[in-house]
Amino acid sequence: MLSSHLIGHIALVGIGATALMDAWLMLLSHLGVPTTSLALVGRWVGHFSRGRFAHAAIGKAEPVEFELGLGWLIHYLIGIAYAGLLVALQGAVWLVEPTFLPALAFGVVTVAAPWFVMQPAMGAGFAASKTPTPLKNCLRSLANHAVFGSGLYLAAAALNQANQ
């Protein structure tokens with residue numbers, strides 16, 4: 001059984017990693033690089049209660065109430081869940097002695113979710129194949145998830161340092 005301390009530690013690592021990814025996305029946005037609005041993630045998830053899991057174009061789907069807030073919530077819950085999965089794979093000792101490579105590799109692997117679940121379900125096709133620039137979009141997603149993986153390590157290292 002997981003202790004509340006371990007769950008809290010995992011949550012903070014997931015939140016930290018997701019926040020670093022958000023800072024990265026804000027930087028990209030300020031540099032003129034297009035990023036996906038979390039409102040569209042909220043819209044997608046908001047349609048689940050209506051039995052709708054896939055859309056031809058999520059941007060054209062009917063908006064749902066509080067979709068931006070829902071998108072942010074889902075985004076951070078996924079980050080926390082990924083942190084939990086990394087700890088499940090690496091063992092709780094990773095939180096005490098975090099190492100960079102497993103976190104980076106795990107972050108990179110998580111790009112499978114947008115490529116093979118979210119993008120197709122939102123109308124962009126597998127690995128953004130229905131977008132005007134699929135390779136560029138895939139590389140952008142890969143970079144974003146590498147930043148997330150780096151964030152997993154940095155957040156765990158910062159928490160470890162703070163606890164000493």
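Side chains are part of it too, since the values below use all heavy atoms of this structure and drop only hydrogens, waters and symmetry mates. In this text, all values refer to a predicted model and were calculated from it rather than measured experimentally.
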Apply ring-ring contact (aromatic ring centres under 6.0 Å, His included) to Phe53 and list each qualifying residue two or more places apart in sequence or on a separate chain. Phe48
For residues Leu152 and Trp94, report the shortest heavy-atom separation together with the two atoms involved. O-CH2, 3.5 Å
In Å and rounded to the nearest 0.5 Å, what is the NE2 to CH2 distance from His145 to Trp24? 13.0 Å
Of all the heavy-atom pairs spanning Phe126 and Phe116, show the shortest one and how long it is. CE2-O, 3.6 Å
Not counting sequence neighbours, which residues clear side chain to side chain contact (heavy atoms under 4.5 Å, CB included) with Lys136? List them please. Thr133, Arg140
With Ser29, which residues qualify under side chain to side chain contact (heavy atoms under 4.5 Å, CB included), at least two apart? Thr35
For Leu159, is there any backbone N or O sitting under 3.5 Å from a side-chain donor or acceptor partner on Asn163? yes
Does Asn137 offer a backbone N or O that forms a donor-acceptor pair with the side chain of Ser141 under 3.5 Å? yes
Under the 3.5 angstrom rule, does the side chain of Gln119 hit a backbone N or O of Ala128 as a donor-acceptor pair? yes
Between side-chain atoms of residues 6-21 and protein atoms elsewhere (two or more places apart, or another chain), which donor-acceptor pairs fall under 3.5 Å?
| from | atom 1 | to | atom 2 | distance (Å) |
| --- | --- | --- | --- | --- |
| Thr18 | OG1 | Gly14 | O | 2.7 |

Distance-only check: which donor-acceptor pairs under 3.5 Å involve side-chain atoms of residues 95-108, not counting sequence neighbours?
none

Pair up each side-chain donor or acceptor in residues 59-73 with any protein partner under 3.5 Å, not counting sequence neighbours, and list the distances.
| from | atom 1 | to | atom 2 | distance (Å) |
| --- | --- | --- | --- | --- |
| Glu67 | OE1 | Arg43 | NE | 2.9 |
| Glu67 | OE1 | Val64 | N | 2.9 |
| Glu67 | OE2 | Arg43 | NE | 3.4 |
| Glu67 | OE2 | Arg43 | NH2 | 2.8 |

